[in-house]
Amino acid sequence: MASLSAIISAAMHKRAPASSPLSSSTAGRVLDVAEHLMQTRGFNGFSYADISGELGISKATLHHHFATKAKLGHALIERYSDNFRAALAAIDTSNFGAPQRLERYVQLYRDVLSGKRLCLCGMLAAEYGTLPEPMQESVRHFFDANETWIAGVIAQGRRAGVFQLRGSAADVARMLLGALEGAMLVARPFNDVERFSSAARVALAGLKDSRHAASSSRQRRVARARAATG
């Protein structure tokens, strides 16, 4: 069975196998190229000419598959959201506790940034006012779905006694999502993934119950001491 990290990576960077109809289809290749352009330049930073030039196809062919750039943008958000949901499902099927699930969630963002990209919907949020309404709605749905998932994990951690929170799980989820998206943006000009990682570590550390953390630390020290004397 593939490792969780491999499943998450495959979900977030989904590319159909060479033998797949999607991989060989013009529409699939257009979406792949447009996704990269959107994650690196933004929606307003590329045109059909950029896509046709990279793929070696005519703009008429592009319009055949995606009549307008707005339709292309909407299709991209939907595909990205589907991939993200698949990644979250992979995390949910694991046996990890709440802290580890959030760490894997952070890894999704770290992997995207390591590829010199930004979260597609995070990039679009910066251009929100210029987006067509269907794209705006899809961006909102993406963030709503992520906040709901994070809030569920946080509530689980609170019930288990590993998170000590100020505020509701929903409020903390909004804080964490905003912190991760913002940390990506700030890290990008420096081309430094570690700037993102350090900010994410601080955000996650702020959720943990200090009493539980101290107890876990004592247990690890006792285990190491026993191992050393054994």
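FYI, the numbering just counts along the sequence from 1.
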- Task: Give the intermediate values and the outcome of side chain to side chain contact (heavy atoms under 4.5 Å, CB included) for residues Thr26 and Arg29.
- Result: CA-CA 5 Å; Thr26 300; Arg29 291 187 293 130; 3.6 Å; yes

- After noting the C-alpha distance and the side-chain angles of Gln107 and Arg104, does the key distance pass the side-chain hydrogen bond (donor to acceptor under 3.5 Å, both in side chains) rule? CA-CA 5 Å; Gln107 186 65 43; Arg104 267 93 187 148; over 6 Å; no

- side chain to side chain contact (heavy atoms under 4.5 Å, CB included) between Leu72 and Leu62: does it pass, once the steps are laid out? CA-CA 9 Å; Leu72 171 62; Leu62 287 176; over 6 Å; no

- Task: Show your working on side chain to side chain contact (heavy atoms under 4.5 Å, CB included) between Phe196 and Leu180 and close with a plain yes or no.
- Result: CA-CA 8 Å; Phe196 166 83; Leu180 295 178; 4.0 Å; yes

- Task: Check the pair Glu103 / Phe96 against side chain to side chain contact (heavy atoms under 4.5 Å, CB included), numbers first and verdict last.
- Result: CA-CA 10 Å; Glu103 288 170 3; Phe96 295 119; over 6 Å; no

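Distance check: Leu88 CG to Leu108 CG gives 6.5 Å after rounding to the nearest 0.5 Å. Taking CD1 of Ile51 as the reference point, atom NE2 of His36 lies at 12.5 Å (rounded to 0.5 Å). Note that the CD atom of Glu137 and the CG atom of Asp144 stand 10.5 Å from one another [nearest 0.5 Å]. Taking CD of Glu78 as the start and CG of Leu31 as the end, the distance is 11.5 Å to the nearest 0.5 Å. Here the OG1 atom belonging to Thr148 is positioned 11.0 Å from the NE2 atom belonging to His141, to the nearest 0.5 angstrom. The distance from atom CD of Glu147 to atom CG of Asp171, rounded to the nearest 0.5 Å, is 9.5 Å.
Contact detail for Ala151 and Ala173: the closest heavy-atom pair is N-CB, 3.6 Å. Considering all non-hydrogen atoms of both residues, Ala27 and His65 come closest at CB-ND1, 3.9 Å. Closest of all the heavy-atom pairs between Ser52 and Lys59 is OG-CG, 3.8 Å. The nearest pair of heavy atoms linking Val106 to Ala200 is CG1-CB, 3.6 Å.
Contact check on Asp92 versus Arg85 returns no salt bridge, with no Lys/Arg side-chain nitrogen under 4.0 Å from an Asp/Glu carboxylate oxygen. Look at Arg79 and Asp82 and you find no salt bridge, because none of the NZ, NE, NH1 or NH2 atoms lies under 4.0 Å from a carboxylate O.
Although no hydrogens or angles enter the test, the distance criterion places a donor-acceptor pair under 3.5 Å between the side chain of Ser138 and the main chain of Pro134.
Thr61 is not listed as a side-chain neighbour of Leu55, based on a closest heavy-atom distance of 4.5 Å or more. Counting heavy atoms from C-beta on, the side chains of His74 and Lys71 never come closer than 4.5 Å. Looking only at side-chain heavy atoms (C-beta outward), Leu118 and Val112 stay at 4.5 Å or farther from each other. Side chains of Leu102 and Leu176 form a contact here, defined as non-hydrogen atoms less than 4.5 Å apart. Contact annotation: the side chain of Met175 approaches that of Leu207 to within less than 4.5 Å [non-hydrogen atoms, C-beta and beyond].
Residue pairs that meet the side-chain hydrogen bond (donor to acceptor under 3.5 Å, both in side chains) test with at least one member in residues 175-191, sequence neighbours left out, are Lys116-Asn191.
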Can you give each donor-acceptor pair under 3.5 Å made by side-chain atoms of residues 120-127, sequence neighbours left out, with the distance rounded to 0.1 Å?
from, atom 1, to, atom 2, distance (Å)
Glu127, OE1, Phe43, N, 2.6
Glu127, OE2, Phe43, N, 3.4
Glu127, OE2, Asn44, N, 3.0
Glu127, OE2, Asn44, ND2, 3.0

Show me, pair by pair, the donor-acceptor contacts under 3.5 angstrom made by side chains of residues 154-163, not counting sequence neighbours?
from, atom 1, to, atom 2, distance (Å)
Gln156, OE1, Arg101, NH1, 2.5
Arg158, NH2, Gly167, O, 2.9

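For Tyr48, the ring-ring contact (aromatic ring centres under 6.0 Å, His included) partners two or more places apart in sequence, or in a different chain, are His63. Partners of Glu194 by side-chain contact (heavy atoms from CB on, under 4.5 Å), not counting sequence neighbours, listed by chain and number: Asp192, Ser197, Ser198, Arg201. Here Tyr105 pairs with Tyr109, Trp149 under the ring-ring contact (aromatic ring centres under 6.0 Å, His included) rule; sequence neighbours left out.
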